Amino acid sequence: MLRGVVPVDTECSPPPAFERLFDELLLARVAAAVPERGDTKRLSQIAGWGAAACWITAEPDTEDVVYAAAGAFNLAVAVFDSVLDRGPERSAALVGSLAPPHLARVLNDPERQRFEPVGSEHEPVTELFHVALAGFVGRWGNDRGHMSLALDLLSTMYRSEVGESDDPMPAKALPSAFLGLMGTNDPAHIDMHRALGRFLAAWDDWMDLDEDLLGFRPNRYLGNPQGWNVMCYLVQAVKLVASSRAHRPVRSDLRRQLQATIHKAMALDHVARSRTLGFVEALLR
């Protein structure tokens with residue numbers, strides 16, 4: 001579908017393996033708390049993609065603790081999404097604990113502040129977020145502008161994820177931007193991560209089309225099944241399932257999003273450019 005978009009004559013640096021950095025005991029607790037996300041091996045892979053996204057534009061002096069924090073954040077976002085799928089009654093405590101005021105409190109002082117108790121069922125999820133924020137603060141705590149941008153991104157993602165905004169897409173696209181923030185404060189690099197996030201959100205929605213349809217969840221290519229939009233959602237689903245011709249706009253959109261990411265990457269320094277291309281190639285492989 002995306003063959004030929006990644007330049008073949010440009011050096012690509014594949015991401016290293018980061019799985020050794022992740023806390024195996026915490027992964028086991030997360031797997032027990034949110035089994036629908038898979039076993040510890042699968043959770044380690046999800047975390048690994050987060051660390052790899054951070055690595056793309058990370059400063060040369062970035063330490064392993066930051067990559068571990070990036071992995072924890074990517075996994076935390078994924079399992080939070082799974083918990084929300086369980087319904088409001090089971091997820092209410094976790095949703096309340098991760099609200100922006102609590103995010104701000106922990107982000108301001110992760111050594112002394114913890115998230116509100118959520119019970120043993122979801123405590124590993126808040127611990128993942130705490131690991132992520134503590135790692136971020138350890139790297140960027142003295143950069144007030146960077147800290148402010150981080151809180152803004154986290155708050156926007158939260159409101160989108162829990163349905164406090166009308167747009168469900170920031171919850172899917174902005175995690176990549178935050179992973180970029182964990183490794184760099186260079187505006188051009190962060191801008192590339194925003195473009196990468198838009199591509200990853202589109203790619204994930206295409207890969208998760210069947211799953212989102214069965215769960216009646218918002219999807220870029222199906223729509224948002226809320227209120228009167230439900231009929232449009234179902235009509236679009238029928239089109240995508242019944243006719244390969246309906247896939248053409250999807251292919252065009254994915255190519256456009258990937259081309260925008262590569263365009264941003266080609267304007268970066270050599271290391272960031274080759275790492276971006278290597279990350280994309282590994283993803284599409």
Side-chain angles (χ1 to χ4, degrees), residues 14-59 61-86 91 93-95 97-98 102-103 105-141 147 150-151 153-154 157-158 161 174-184 200 279 282-283:
F18 289 102
E19 283 75 8
R20 61 182 175 80
L21 302 179
F22 309 135
D23 184 335
E24 293 183 2
L25 292 178
L26 179 55
L27 289 178
R29 289 169 52 219
V30 173
V34 194
E36 54 265 51
R37 268 295 168 182
D39 59 14
T40 55
K41 181 178 180 180
R42 175 57 184 151
L43 298 182
S44 183
Q45 291 171 343
I46 296 172
W49 281 111
C54 172
W55 162 84
I56 290 173
T57 57
E59 303 291 339
D61 61 347
T62 301
E63 298 179 354
D64 282 350
V65 66
V66 176
Y67 293 125
F73 178 76
N74 202 51
L75 182 55
V77 170
V79 296
F80 182 43
D81 183 64
S82 294
V83 171
L84 290 178
D85 286 343
R86 296 174 172 178
S91 63
L94 183 61
V95 168
S97 179
L98 296 174
H102 300 306
L103 288 169
R105 179 172 51 79
V106 176
L107 193 63
N108 285 333
D109 190 2
E111 289 190 9
R112 289 193 289 264
Q113 299 292 332
R114 310 290 295 191
F115 288 104
E116 295 293 318
V118 294
S120 59
E121 182 182 22
H122 296 143
E123 187 271 337
V125 183
T126 59
E127 187 166 341
L128 281 174
F129 277 107
H130 191 274
V131 169
L133 297 189
F136 181 86
V137 173
R139 181 72 175 89
W140 301 106
M147 293 280 288
L151 180 58
L153 283 178
L154 289 169
M157 278 185 272
Y158 173 89
E161 183 67 77
L174 289 183
S176 177
F178 186 80
L179 290 169
L181 257 65
M182 296 188 82
T184 182
L200 292 176
F279 178 91
L283 178 72

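What you see is a predicted model, and the numbers here were worked out from it, not measured in a lab.
- Evaluation of the salt bridge (Lys or Arg N to Asp or Glu O under 4.0 Å) rule for E127 yields R29 as partners, not counting sequence neighbours.
- By the side-chain hydrogen bond (donor to acceptor under 3.5 Å, both in side chains) test, T126 is found to be paired with no residue, residues two or more places apart in sequence or in another chain being considered.
- In this structure, the side chains of F136 and M147 come closer than 4.5 Å at one or more pairs of heavy atoms.
- Residues passing the salt bridge (Lys or Arg N to Asp or Glu O under 4.0 Å) test with D109 are R112, sequence neighbours excluded.
- In this structure, L94 and V125 have side chains that are in contact, with non-hydrogen atoms separated by less than 4.5 Å.
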Next on the checklist: Run the side-chain contact (heavy atoms from CB on, under 4.5 Å) test on L151 and N108 for me, step by step, so that the C-alpha distance in whole Å, both residues' side-chain angles and the decisive distance to 0.1 Å come before the verdict.
Outcome noted: CA-CA 10 Å; L151 180 58; N108 285 333; over 6 Å; no
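- To the nearest 0.5 angstrom, L98 atom CG is 5.5 Å from F129 atom CZ.
- Salt-bridge formation is detected for the pair R105/E116: a Lys NZ or Arg NE/NH1/NH2 atom is positioned less than 4.0 Å from an Asp or Glu carboxylate oxygen.
- The distance from atom NE2 of H122 to atom OG of S91, rounded to the nearest 0.5 Å, is 7.5 Å.
- By the side-chain hydrogen bond (donor to acceptor under 3.5 Å, both in side chains) test, D85 is found to be paired with R217, residues two or more places apart in sequence or in another chain being considered.
- In this structure, CG in L181 is found 9.0 Å from CG in L154, a value given to the nearest 0.5 Å.
- One N or O on the side chain of H130 and one on the backbone of P110 form a donor-acceptor pair closer than 3.5 Å.
- A distance of 10.5 Å separates OG1 of T40 from CG of L25, quoted to the nearest 0.5 Å.
- Applying the side-chain contact (heavy atoms from CB on, under 4.5 Å) criterion to S44, with sequence neighbours excluded, gives E19, F22, L27.
- Side-chain contact between T62 and R139: present, with at least one pair of heavy atoms (C-beta onward) separated by less than 4.5 Å.
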Pair up each side-chain donor or acceptor in residues 49-57 with any protein partner under 3.5 Å, not counting sequence neighbours, and list the distances.
residue	atom	partner	partner atom	Å
T57	OG1	H193	NE2	2.8

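- For residues 42-55, there are no salt bridge (charged side-chain N to carboxylate O under 4.0 Å, His left out) pairs, not counting sequence neighbours.
- When every heavy atom of W140 is checked against every heavy atom of M182, the shortest pair comes out as NE1-O, 2.9 Å.
- Between M157 and L174, the shortest heavy-atom contact is CG-CB, 3.4 Å.
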Please output the side-chain donor-acceptor pairs of residues 63-84 that fall under 3.5 Å, not counting sequence neighbours, one pair per line with the distance.
residue	atom	partner	partner atom	Å
D64	OD2	R20	NH1	3.4
N74	ND2	I46	O	2.7
S82	OG	R37	NE	2.8
S82	OG	A78	O	3.4

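- When all heavy atoms of F115 and L133 are compared, the closest pair comes out as CZ-CD1, 3.8 Å.
- Contacts of E36 classified as salt bridge (Lys or Arg N to Asp or Glu O under 4.0 Å), with partners at least two apart in sequence or in another chain: R86.
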